[in-house]
Amino acid sequence: MSVDHRQKLLIFAAVAAVVLLAGDRLVLTPLGKLWKERAARVVELKKSVQQGTMLIEREQSIRTRWAYMRTNTLAAEGSIAENQLFQSFDRWSQASHIDITAIKPQWKRADERYATLECRVDAFGNLPALTQFLYDIEKAPLGLKLEVVEIASRDDRGEQLTLGLQVSGLQLNLDKR
């Protein structure tokens, strides 16, 4: 093999190596990255379609639940809503035989479409009475949410307990959509 022929072969091999490297960097790597991004996007879209299908299948139950929630929110008038909540606390405390020592209401208006009435409730009684009180709050049709529940002992034997609750009630303003 002559030197001239060997130089041409080496130049051809070097050019081929540069072309292959450039092809890898400029074509194959970006195409591979694009393929992975599209595959991830396809997975994301399939998941979104699946969630949408599940929502469509559950539409009636969701609408029924929302209608139930809308009809069981606090009254639109603030003082009536507070009175509604105070009467409910009174009814629950009498039914469960606990003593409420304080109810501190506070309105939170984050949006013109709804407001929440947050109440701090302090009470005391024995364990069965407190559990009955909490059960009555949870099963009530009123739109309430127990945010914080604190139970502490008032005596050494743990027979008398104090209960600290933070309860939020929902008030919807359906006129503002």
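Worth saying up front: this structure is predicted, and the values here are computed from it rather than measured.
Of the residues L146, L117, V148, the one that meets the side-chain contact (heavy atoms from CB on, under 4.5 Å) test with V167 is L146.
For S168, the side-chain hydrogen bond (donor to acceptor under 3.5 Å, both in side chains) test picks out E147, with sequence neighbours left out. Qualifying side-chain hydrogen bond (donor to acceptor under 3.5 Å, both in side chains) partners for D4, counting only residues two or more places apart in sequence or in other chains: none. For F89, the ring pair (Phe, Tyr, Trp, His ring centres under 6.0 Å) partners at least two apart in sequence or on another chain are W92. Under the side-chain hydrogen bond (donor to acceptor under 3.5 Å, both in side chains) criterion, S93 pairs with no residue at all, not counting sequence neighbours. Shown here are the side-chain contact (heavy atoms from CB on, under 4.5 Å) partners of T131, two or more places apart in sequence or in another chain: L127.
R109 places a side-chain heavy atom less than 4.5 Å from the side chain of Q171. Between Y68 and P141, some side-chain heavy-atom pair lies under the 4.5 Å cut-off. For the pair F124 and L161, the minimum side-chain heavy-atom distance is 4.5 Å or more. When side chains are defined from C-beta on, R70 counts as touching L172, because their heavy atoms get closer than 4.5 Å.
Side-chain contacts under 4.5 Å among hydrophobic residues (ILVMFWY), followed directly or transitively, place V15 together with I11, V19. Connectivity analysis of hydrophobic side chains (ILVMFWY, heavy atoms under 4.5 Å, direct or indirect) links L21 to nothing; its cluster partners are none.
For residues 157-173, the salt bridge (charged side-chain N to carboxylate O under 4.0 Å, His left out) pairs, not counting sequence neighbours, are R157-E159. Pairs passing the salt bridge (charged side-chain N to carboxylate O under 4.0 Å, His left out) check and including a residue from residues 121-141, sequence neighbours excluded, read R120-D122. Within the structure, salt bridge (charged side-chain N to carboxylate O under 4.0 Å, His left out) pairs that include any residue of residues 84-106 do not occur (at least two apart or interchain). For the side-chain hydrogen bond (donor to acceptor under 3.5 Å, both in side chains) condition, no pair includes a residue of residues 31-40, sequence neighbours left out.
The main-chain N or O of E118 is never found under 3.5 Å from a side-chain atom of T116 such that the two would form a donor-acceptor pair. Of the possible donor and acceptor atoms, none in the side chain of E150 sits under 3.5 Å from a partner among the backbone N and O of L165. With N126 contributing its side chain and A129 its backbone, the two residues share a donor-acceptor pair below 3.5 Å.
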Pairs under 3.5 angstrom only: tabulate donor-acceptor contacts from the side chains of residues 43-63 to other protein residues two or more places apart or in another chain.
{"from": "E44", "atom 1": "OE2", "to": "R41", "atom 2": "NH1", "distance (Å)": "3.0"}
{"from": "T53", "atom 1": "OG1", "to": "V49", "atom 2": "O", "distance (Å)": "2.8"}
{"from": "E59", "atom 1": "OE2", "to": "R63", "atom 2": "NE", "distance (Å)": "2.9"}
{"from": "E59", "atom 1": "OE2", "to": "R63", "atom 2": "NH2", "distance (Å)": "3.4"}
{"from": "S61", "atom 1": "OG", "to": "R58", "atom 2": "O", "distance (Å)": "2.9"}

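Distance check: L74 CG to L170 CG gives 7.0 Å after rounding to the nearest 0.5 Å.
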